[in-house]
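All remarks here apply to the structure that follows.
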Amino acid sequence: MFETTNIILAIHYFARLINMFILIRVIFSWLRINPYSIFGQFIYGVTEPILSPVRNMIHQVFRYQGMLDFSPIVGMILVNMISSFVIGILR
């Protein structure tokens with residue numbers, strides 16, 4: 001029914017979309033865009049389940065409480081690693 005190539009492309013595009021949402025969230029924080037707008041709520045709703053555990057892990061493992069939030073960088077790396085792993089299994 002579904003070809004493996006189509007599933008691999010879907011996973012690849014989904015990972016890119018999640019990375020784009022994380023990047024948009026970072027830009028939101030730089031530009032001070034209202035997070036309570038409809039688009040802001042959507043972006044925060046999509047990215048928070050990924051970034052919150054990463055942020056907690058950074059805090060617990062490294063005891064980092066600085067001004068910079070490294071969770072978007074780590075989150076994007078994890079999304080890419082997981083998608084590459086799943087694509088590698090499917091090939």
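Hydrogens, waters and symmetry mates play no part in the numbers below; they use all other heavy atoms, side chains included.
Separating the CD1 atom in Ile22 from the CD1 atom in Ile73 is a distance of 11.0 Å, to the nearest 0.5 Å. With values rounded to the nearest 0.5 angstrom, Ile43 atom CD1 is found 10.0 Å from Met20 atom CE. Rounding to the nearest 0.5 Å gives a distance of 9.5 Å between OG of Ser37 and OH of Tyr44. Remark: Ile24 CD1 to Phe39 CZ distance equals 4.5 Å, nearest 0.5 Å. If you take OG1 on Thr4 and CD1 on Ile87, they are separated by 12.0 Å, rounding to the nearest 0.5 Å. Rounding to the nearest 0.5 angstrom, the gap separating the CD atom in Glu48 from the CD1 atom in Ile50 is 10.0 Å.
Side-chain contact check for Phe42 versus Ile38: every heavy-atom pair is 4.5 Å or farther apart. Residues Leu51 and Asp69 fail the side-chain proximity criterion, which asks for heavy atoms closer than 4.5 Å.
Linking Ile, Leu, Val, Met, Phe, Trp and Tyr whenever their side-chain heavy atoms come within less than 4.5 Å puts Leu17 and Val26 in one cluster. Hydrophobic clustering of Ile, Leu, Val, Met, Phe, Trp and Tyr side chains at less than 4.5 Å, counting indirect connections, keeps Leu90 apart from Phe14. One hydrophobic cluster, built from ILVMFWY side chains closer than 4.5 Å, cannot hold both Val54 and Phe28; they sit in different ones. With hydrophobic clusters built from ILVMFWY side chains whose heavy atoms lie under 4.5 angstrom apart, Met76 shares a cluster with Trp30. By the criterion of side-chain heavy atoms lying less than 4.5 angstrom apart, applied directly or through intervening Ile, Leu, Val, Met, Phe, Trp or Tyr residues, Leu23 is not grouped with Tyr13; the two fall into different hydrophobic clusters.
Residues satisfying the side chain to side chain contact (heavy atoms under 4.5 Å, CB included) criterion with Asn80, sequence neighbours excluded, are Asn19.
Screening residues 68-91 for ring pair (Phe, Tyr, Trp, His ring centres under 6.0 Å) gives Tyr64-Phe70 as the qualifying pairs, with residues at least two apart or on separate chains.
Listed for the Ser84 side chain is no donor-acceptor partner under 3.5 Å among the backbone atoms of Met81.
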